[in-house]
2 protein chains.
Amino acid sequence: MKNTIKVERAKKDITQAGLAEQLGVSRQTINAIEKGKFVPSTALALKMARFFECKVEDIFLLEEED
Amino acid sequence: MKNTIKVERAKKDITQAGLAEQLGVSRQTINAIEKGKFVPSTALALKMARFFECKVEDIFLLEEED
DNA sequence: TCAAAAAGTAAAGAAAACTTTACATTTGTT
DNA sequence: AACAAATGTAAAGTTTTCTTTACTTTTTGA
């Protein structure tokens, strides 16, 4: 599962810590997701999409192995 | 978190077991999600949206408490 | 009505998401 | 170069997702 969080974050010019605060999670959680260490819950994915004003599908991309 | 799986399933005329098979999960998992016992992972939510030919946002609806 | 299919439920355990704490590395600015 | 902000990483622990097995209830259709 790939994601475009870093790019979306750049568009909004917000830091990992800033995004974490907006979404109500820890900075490490954002970092881990962004680095692909794990995939967020659907609730968090939906909140991210809402914050970035796009669809979940725009941020999280299914791959073969998913 | 509410979801519209039952309705989407009706549109496609597919059973819980059939959907489970299509998505590669157990029937009980589909049942539990449909009944709101838990929210699926983002990967499964994306697969559902793909199967139902809609957006994750169309199936899973954030609420206050999420 | 009677049988089969579908849906509901429960419990125990495995796997994945997420937190907290803490420290290291990189990047940007002066 | 030096300092601060941002990012990266790791480990231990909690919560949530999901599986398997198994049984009950509801719905459907011949």
| said: Walk me through whether A:R50 and B:E57 qualify under salt bridge (charged side-chain N to carboxylate O under 4.0 Å, His left out). | reply: CA-CA 10 Å; A:R50 185 172 61 186; B:E57 281 84 348; over 6 Å; no
| task | Carefully, step by step, assess A:E21 and A:R27 under the rule salt bridge (charged side-chain N to carboxylate O under 4.0 Å, His left out). | result | CA-CA 8 Å; A:E21 194 180 357; A:R27 179 183 67 80; over 6 Å; no
In whole angstroms, how far is the [atom2] atom of [N] from the [atom1] atom of [X]?
X	N	atom1	atom2	result
B:F60	D:dT17	CZ	P	11 Å
B:L23	D:dT17	CG	C1'	15 Å
A:K12	D:dA6	NZ	P	19 Å
A:D13	D:dA6	CG	C1'	12 Å
A:D66	D:dC18	CG	P	13 Å
A:L46	C:dA17	CG	C1'	15 Å
A:I5	D:dG8	CD1	C1'	15 Å
A:F38	D:dT15	CZ	P	16 Å

| Is there a side-chain contact between A:M1 and B:L46, using heavy atoms and a 4.5 Å cut-off? |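 A side-chain contact exists here, since the closest heavy-atom pair is under 4.5 Å.
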| Heavy-atom side-chain contact between B:T42 and A:F38 under 4.5 Å |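 Sidechains of A:F38 and B:T42: no contact.
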| query | Can you tell me if the side-chain N/O atoms of A:S41 get under 4.0 Å from OP1 or OP2 in C:dC18? | reply |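 Looking at the OP1 and OP2 atoms of C:dC18, one of them is under 4.0 Å from a side-chain N or O of A:S41.
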| task | Count the heavy atoms of every other residue, nucleotide or ligand shown that sit under 6.0 Å from CD of A:E65, and state whether that count exceeds 12. | result |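 For A:E65, atom CD is crowded (more than 12 foreign heavy atoms under 6.0 Å).
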| query | Going 5' to 3' along nucleotides 5-13 of chain C, which nucleotides have protein heavy atoms under 4.0 Å from the base (write B), which only from the sugar-phosphate (write S), and which from neither (write -)? | reply | -SBBBB---
| Backbone N/O of B:V7 and side chain of B:T4: donor-acceptor pair under 3.5 Å |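 No: the side chain of B:T4 does not pair with the backbone of B:V7.
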